[in-house]
Amino acid sequence: MPLRAVAYVSDAIDGIETSDIDQILQAATGFNKVAGVTGVLMFDGQRFLQYFEGPEDGVDSVFQRVFNARIHTNLRELARGPVQARHFPRWTMASAAVDPAALARIADAPWQGFESRPVLGGDSLAGFGYLLAAWTGVSGELEPAAVTLGS
């Protein structure tokens, strides 16, 4: 079955609290499990960056929920398309608080689909490469500590 993925960045609504995010994660974890979708959510206190992957119908269902959610505005899709394999197979929705500079580095980098190689003609990574780097350890494996988050 072909896999698809979506990555986006959005602005959190004013007054969002940790308890709101906890509720979102709890609801997303259950919904994503049924939809066969896995992924990660990053939050810097003002913006969200989310990546999720799975079968096309599951990804479309999750994206509709995300698009209609009232906890954020100014949703900007960074990339959407096929992926060869799951990058976050163990997490129905892992989450991490990140500093604004780290989130900006990922969101503002050029997104060329879901390529993790350096940008053509440069030394910097594509946006997806920075996203993967934020979730991996020195060996390139997913951080074991993060496995307990979200799933």
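Because the structure is predicted, anything quoted here is derived from the model rather than measured. In what follows, every heavy atom counts, from backbone to side chain, and hydrogens, waters and symmetry copies are set aside.
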Any idea which heavy atoms bring [X] and [Y] closest together, and the distance?
X      : Y      : result
Arg76  : Ala107 : NH2-O, 3.8 Å
Pro55  : Ala35  : CG-O, 3.7 Å
Gly113 : Ala79  : O-CB, 3.8 Å
Val83  : Ala5   : CG1-CB, 3.7 Å

Inset, instruction - Any ring-ring contact (aromatic ring centres under 6.0 Å, His included) involving residues 8-30? Give me the pairs, sequence neighbours left out, ordered by first then second residue. - result: Tyr8-His72

Inset, instruction - Could you list all the ring-ring contact (aromatic ring centres under 6.0 Å, His included) pairs where at least one residue sits in residues 40-60, not counting sequence neighbours? - result: Phe43-Phe48, Tyr51-Phe88, Tyr51-Phe114, Tyr51-Phe128

Legend entry - Contact list for residues 33-46, test side-chain hydrogen bond (donor to acceptor under 3.5 Å, both in side chains), sequence neighbours left out: Thr38-Glu53, Thr38-Arg86

Inset, instruction - Please collect all side-chain hydrogen bond (donor to acceptor under 3.5 Å, both in side chains) contacts where either partner lies in residues 96-111, sequence neighbours excluded, each pair once. - result: none

Legend entry - Test item: Leu75 and Val9 side chains (from C-beta on) under 4.5 Å apart, heavy atoms: no

Legend entry - Point-to-point distance, once rounded to the nearest 0.5 Å, from CZ of Arg4 to CZ of Arg80: 7.5 Å

Inset, instruction - Nearest 0.5 Å please: distance from the CZ atom of Arg47 over to the OG1 atom of Thr73. - result: 11.5 Å

List the atom pairs, with distances to 0.1 Å, where a side-chain N or O of residues 56-69 and a protein N or O form a donor-acceptor pair under 3.5 Å, not counting sequence neighbours.
residue: Ser61; atom: OG; partner: Asp57; partner atom: O; Å: 3.0
residue: Asn68; atom: ND2; partner: Gln64; partner atom: O; Å: 3.0

Please output the side-chain donor-acceptor pairs of residues 11-27 that fall under 3.5 Å, not counting sequence neighbours, one pair per line with the distance.
residue: Asp11; atom: OD2; partner: Asn74; partner atom: ND2; Å: 2.8
residue: Asp20; atom: OD2; partner: Glu17; partner atom: N; Å: 2.9

Legend entry - side-chain contact (heavy atoms from CB on, under 4.5 Å) assessment of Leu49 paired with Leu131: CA-CA 9 Å; Leu49 191 147; Leu131 175 77; 3.8 Å; yes

